[in-house]
Amino acid sequence: MNLNIAHLFPDLLNLYGDRGNIQSLVMRSRWRGIDVSLREYTLDDPIDFSRADIILLGGGSDREQQIVCGRLKSIRDEFHGYVEDGGTVLAICGGYQLLGHYYETSEGKMEGLSLVDLYTVQKSPRLISNVVMENEDFPCEIVGFENHGGRTYIGNNRPFGSRILYGNGNNGEDGTEGILYKNVIGTYLHGPLLPKNPHVCDRLLQSALERKYGKADLSPLDDRLEMQANRYIVGRFVQKKS
Ligand code: GLN
């Protein structure tokens with residue numbers, strides 16, 4: 001078995017160690033005997049969506065997002081086809097915002113990919129915090145770090161974090177964080193996300209393998225260190241229930 005990971009525009013969208021997400025995907029595959037090939041795409045590279053099993057879009061500043069924005073238009077249709085066909089995507093912060101219809105800032109409106117029905121509007125102050133959240137589809141809390149000026153509104157879509165135990169999430173108002181759409185995870189969580197949330201990493205691997213091979217039996221790994229990091233953040237920011 002093998003997986004092809006496509007990292008889009010890492011020279012522009014790579015904040016707060018987003019690259020660590022790739023390392024988690026690669027190592028958790030290799031530890032299970034699954035081959036991984038990683039391809040990084042810069043802005044002018046042609047992207048072969050038919051070859052990709054997992055696509056990663058990282059976070060970026062408003063300026064970097066603006067640069068990427070123009071390029072996204074030219075790959076929109078193929079990217080849309082990939083998502084609707086069940087392709088796996090992890091989009092973080094700036095990348096997450098660009099999955100939606102637009103990101104409106106004081107400088108103007110950046111057009112997104114419209115792959116997912118959401119939009120983002122910049123407001124003050126920036127939302128900067130550690131985050132602890134739950135989702136009944138995941139076996140334990142998801143932890144991370146957020147730093148964004150944009151407020152994202154996901155309508156009736158499924159959030160990635162359905163209950164925020166600490167932090168702000170999508171907009172600081174509706175108690176949701178990120179989005180789950182088909183095999184797409186969009187989220188504000190940096191940190192990076194996957195090393196401290198092996199259950200999230202495995203969900204991405206699972207969906208990519210199932211799409212490619214029809215099934216995926218991910219053997220369990222020794223996650224003691226990863227879970228120690230996860231539990232530390234939960235214990236630090238969330239009051240223990242007695
Ligand atoms: N520029 C976006 C915002 O401030 C995204 C920032 C990020 O990727 N951390 O909302």
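Along the sequence shown, residues carry numbers from 1. Atoms within a ligand are numbered from 1 in the order they appear, just like the ligands themselves.
At least one heavy atom of Gln97 sits closer than 4.0 Å to an atom of ligand 1. Contact analysis puts Arg126 in contact with ligand 1, with a non-hydrogen atom separation below 4.0 angstrom. Assignment of Tyr188 to the shell around ligand 1 is not supported, since no heavy atom sits closer than 4.0 Å.
Sorted by first and then second residue, the ring pair (Phe, Tyr, Trp, His ring centres under 6.0 Å) pairs involving residues 203-226 (not counting sequence neighbours) form an empty list. Sequence neighbours left out, the pairs with a member in residues 148-175 that pass ring pair (Phe, Tyr, Trp, His ring centres under 6.0 Å) are Tyr119-Tyr153, Phe138-Phe160, His148-Tyr188, Tyr166-Phe237.
Less than 4.0 angstrom separates some heavy atom of Asn147 from each of these atoms of ligand 1: 6 (C), 7 (C), 9 (N). Proximity to Gly149 (heavy-atom distance under 4.0 Å) selects the following atoms of ligand 1: 3 (C), 4 (O), 10 (O). Which parts of ligand 1 touch Gly94 is read off a 4.0 Å heavy-atom cut-off, strictly below it: atoms 5 (C), 7 (C), 8 (O). Within the listing of ligand 1, atoms 3 (C), 10 (O) sit less than 4.0 angstrom from a heavy atom of Gly150. Each of the following atoms of ligand 1 lies closer than 4.0 Å to a heavy atom of Gly59: 8 (O).
Between the side chain of Glu146 and the main chain of Asn168, a donor-acceptor pair closer than 3.5 Å is present. For Asn170 (side chain) and Gly178 (main-chain N/O), a donor-acceptor pair under 3.5 Å exists by modelled atom type.
Under 3.5 Å, the side chains of Glu210 and Ser207 contain no donor-acceptor pair of N or O atoms.
Annotation: cation-pi geometry not satisfied between Arg51 and Phe49 (NZ/CZ under 6.0 angstrom from ring centroid, within 45° of ring axis).
Within the 4.0 Å heavy-atom criterion, the part of Leu15 lying near ligand 1 is the side chain and not the backbone.
In terms of protein heavy atoms, atom 5 (C) of ligand 1 is closest to Gly60 O, 3.4 Å. Of all protein heavy atoms, the one lying nearest to atom 1 (N) of ligand 1 is Asp62 OD1, 2.5 Å. Closest protein heavy atom to atom 7 (C) of ligand 1: Cys93 SG, 2.7 Å.
When the heavy atoms of Met110, Gln65, His190, Lys123 are ranked by distance to atom 2 (C) of ligand 1, first place goes to Gln65.
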Could you walk me through whether Arg32 and Ser29 pass the side-chain hydrogen bond (donor to acceptor under 3.5 Å, both in side chains) check?
CA-CA 5 Å; Arg32 292 167 162 127; Ser29 300; over 6 Å; no

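No salt bridge links Glu173 with Arg151; every basic N to acidic carboxylate O contact stays at or beyond 4.0 Å.
Side-chain contact between Ile92 and Leu189 is absent, with no heavy-atom pair separated by less than 4.5 Å.
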